[in-house]
Peer 1: 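Sharing a structure here in structure tokens format.
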Amino acid sequence: MAPYRNLEEYNMEITDGIKEKFASVIDEIGEDKSREGLLKTPERAAKAMLFLTQGYKQDAEEILKGAMFKEDYDDMVIIKDIELYSLCEHHMLPFFGKAHIAYIPNGHIVGLSKIPRIVDVFARRLQVQERLTHDILECINNTLKPKGVAVVIEASHMCMMMRGVQKQNSVTTTSGFRGQFEKIETRNEFLKLISSDLS
Ligand SMILES: Nc1nc2c(ncn2[C@@H]2O[C@H](COP(=O)(O)OP(=O)(O)OP(=O)(O)O)[C@@H](O)[C@H]2O)c(=O)[nH]1
Ligand SMILES: [Zn+2]
């Protein structure tokens, strides 16, 4: 199986198990699960949940290793504004936003598309934003072994918007830095580049 294959085929045993549980939830909230619009909803919801958590079945390190190329380039590589959707592990409600990622190669560069792919692998799990940030950071650091790596995530949490504290405009920023990005000048250069429109 490709390390990033999307879930087009669903394991029917697992799907059916989740489907039954969604049917019970629909019942318990007082809805009529036999009305036309809801007939297929437990199955749709089960497939949606499996899609949104398919990262458990994917191997981020394998994805990176599959496209590492020897190259002498040793300046900063930045991929910014990578959109992400994840599920908070406390409420299983979405949080969504953008990741900005940079690394300084150390003999190897990585295929650019692999960076957003690994963001999805870690985002499509039950997460907290802090761990998501570190998962991405450590994966790049351990696999590519660059001179430095930086990850910044800005996200809004539906559990803080639709319910609970009900704040619509708060954005949470998390960050992690390794290697050369621990030096203030390198970190500042990265932060300047991700906040400009010219990078
Ligand atoms: N640190 C962190 N907290 C998160 C994240 N996603 C959700 N949370 C928080 O997880 C916490 C769970 O707190 P609890 O008091 O157990 O849950 P709750 O009663 O539903 O809390 P409220 O949301 O304040 O109503 C809340 O403060 C959420 O805002 C995340 O990615 N990182
Ligand atoms: Zn939450």
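In each ligand, atom 1 is the first atom listed, and ligand 1 is the first ligand listed.
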Peer 1: Without swapping roles, check the side chain of K145 against the backbone of N142 for a donor-acceptor pair under 3.5 Å.
Peer 2: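 Such a contact is found between K145 side chain and N142 backbone.
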
Peer 1: Put together the list of close N/O pairs, under 3.5 Å, between ligand 1 and the protein, could you?
Peer 2:
unit_1	atom_1	unit_2	atom_2	d
ligand 1	1 (N)	E130	OE1	3.4
ligand 1	1 (N)	E130	OE2	2.8
ligand 1	6 (N)	H157	ND1	3.4
ligand 1	8 (N)	H90	ND1	3.3
ligand 1	10 (O)	H90	ND1	2.9
ligand 1	20 (O)	H91	NE2	2.7
ligand 1	20 (O)	R163	NH2	2.9
ligand 1	23 (O)	R163	NH1	3.0
ligand 1	25 (O)	R163	NH2	2.9
ligand 1	31 (O)	Q129	N	2.7
ligand 1	32 (N)	E130	OE1	2.8

Peer 1: Output the rest of the hydrophobic cluster of M160: all Ile, Leu, Val, Met, Phe, Trp and Tyr residues reachable through side-chain heavy-atom contacts under 4.5 Å, sorted by chain and number.
Peer 2: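 Its cluster mates, by chain and number, are V165.
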
Peer 1: Sequence neighbours excluded and cut-off under 3.5 Å, please list the side-chain donor-acceptor pairs for residues 94-103, or say none.
Peer 2:
unit_1	atom_1	unit_2	atom_2	d
H100	ND1	D81	N	3.0
H100	NE2	E154	OE1	2.8
Y103	OH	V110	N	3.0

Peer 1: Can you count the protein N, O or S atoms that lie less than 2.8 Å from the Zn ion (ligand 2)?
Peer 2: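 Near the Zn ion (ligand 2), the number of protein N, O or S atoms below 2.8 Å is 3.
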
Peer 1: Within 45° of the axis and under 6.0 Å from the centre of the six-membered ring of F181, does NZ or CZ of R187 qualify?
Peer 2: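 The answer is no; the distance or angle limit is not met.
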
Peer 1: Can a donor-acceptor pair be found, under 3.5 Å and without considering hydrogens, that links the side chain of T186 to the backbone of Q180?
Peer 2: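 Yes, T186 side chain to Q180 backbone: donor-acceptor pair under 3.5 Å.
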
Peer 1: Just by distance, with hydrogens left out, do D120 and Q58 show a side-chain donor and acceptor under 3.5 Å apart?
Peer 2: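 Note: D120 and Q58 side chains miss the donor-acceptor criterion.
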
Peer 1: Under 3.5 Å, is there a donor-acceptor pair between the Q127 and S86 side chains?
Peer 2: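 On atom types as modelled, these side chains do not qualify, holding no pair under 3.5 Å.
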
Peer 1: Between the side chain of E43 and the main-chain N/O of K40, is any donor-acceptor distance below 3.5 Å?
Peer 2: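 Not a single qualifying donor-acceptor pair exists.
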
Peer 1: Thinking salt bridges, do R178 and E182 make one under a 4.0 Å N-O criterion?
Peer 2: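 A salt bridge is absent here (no side-chain N lies under 4.0 Å from a carboxylate O).
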
